[in-house]
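Working notes, beginning with the structure itself.
Note on naming: letters A, B, ... go to the chains in the order of the sequence lines (proteins, then strands), and numbering restarts at 1 for each one.
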Amino acid sequence: MKKSDDFYSRVYEIVKCIPSGKVTTYGLIAEFLGAKSSSRMVGWALNAVIDRIDIPCHRVVNRLGELSGKMHFDHPQQMKDRLLAEHVEFIGEAVDLSKHLWKPDDALTDL
DNA sequence: CGGGTGACTTTAC
DNA sequence: CGTAAAGCCACCC
């Protein structure tokens with residue numbers, strides 16, 4: 001495996017590294033990749049792999065912790081349901097980032 | 001190269 | 001809270 005293929009591949013690698021019970025944001029991933037303004041591409045990249053269980057797209061939320069991508073799931077409720085199953089606490093419809101925010105930097109330890 | 005796109009973000013009304 | 005618009009950038013054709 002290469003450490004850097006494309007922007008997309010990097011997104012997948014990072015998302016796959018998100019530990020259970022943790023979530024991250026599009027902006028954080030994009031920023032980590034060096035293109036903080038390409039946060040949209042992060043979500044778009046996930047949409048291309050939404051079918052791959054290898055990539056827990058449900059652990060990626062917007063900067064407020066809202067499940068902005070749930071609408072793209074076959075069953076939107078599943079996104080929140082999965083997070084709840086991973087002991088992720090919610091504040092209304094948003095994840096409690098103050099307790100479950102994960103940074104790509106933490107992946108460096110494993111990569 | 002250029003145009004279209006988007007699961008973002010920010011500002012504004 | 002809602003919608004709108006702009007900025008922004010990588011990918012695809």
Side-chain angles (χ1 to χ4, degrees):
Chain A
M1 296 236 200
K2 294 177 184 174
K3 292 176 182 174
S4 58
D5 288 321
D6 289 332
F7 189 90
Y8 275 37
S9 300
R10 285 201 173 199
V11 173
Y12 308 150
E13 290 297 309
I14 293 175
V15 175
K16 282 192 296 187
C17 286
I18 302 177
S20 177
K22 294 283 181 177
V23 299
T24 191
T25 72
Y26 302 101
L28 225 46
I29 295 174
E31 186 177 351
F32 181 75
L33 295 179
K36 63 176 197 258
S37 308
S38 301
S39 35
R40 298 160 146 146
M41 302 310 307
V42 177
W44 201 2
L46 292 178
N47 185 27
V49 296
I50 195 168
D51 291 334
R52 307 189 177 184
I53 68 172
D54 299 43
I55 302 172
C57 357
H58 60 277
R59 293 190 189 135
V60 185
V61 297
N62 71 5
R63 77 179 182 93
L64 298 178
E66 298 173 327
L67 312 184
S68 35
K70 70 183 181 189
M71 64 175 85
H72 291 270
F73 279 69
D74 290 336
H75 300 289
Q77 237 177 335
Q78 185 181 37
M79 189 168 183
K80 183 177 180 181
D81 198 41
R82 282 191 181 187
L83 292 171
L84 288 172
E86 297 180 359
H87 310 278
V88 173
E89 298 174 66
F90 273 74
I91 302 176
E93 291 301 303
V95 175
D96 188 346
L97 294 178
S98 61
K99 295 180 182 176
H100 305 284
L101 179 59
W102 174 88
K103 300 187 239 171
D105 302 6
D106 295 345
L108 294 174
T109 308
D110 205 42
L111 285 176

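Counting only N and O atoms by type, the side chains of A/N62 and A/E66 include a donor and acceptor under 3.5 Å apart.
A/S39 approaches A/Y26 most closely through the heavy-atom pair O-CB, 3.8 Å. Between A/V88 and A/K22, the closest heavy-atom pair is CG2-N, 4.3 Å. For A/L101 against A/T24, the heavy-atom pair with the smallest separation is CD1-CA, 4.3 Å.
Between the CZ atom of A/R10 and the C1' atom of C/dC9 there is a distance of 15 Å, rounded to whole Å.
Taking atom P on both nucleotides, C/dC8 is separated from B/dA12 by 16 Å, rounded to a whole Å.
Scanning for side chain to side chain contact (heavy atoms under 4.5 Å, CB included) contacts around A/P76 gives A/K70, with sequence neighbours left out.
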Review point. What string of B, S and - do you get for nucleotides 5-12 of chain B, 5' to 3', if B is base contact, S is sugar-phosphate-only contact and - is no contact with any protein heavy atom under 4.0 Å?
Key: BBBBSS--
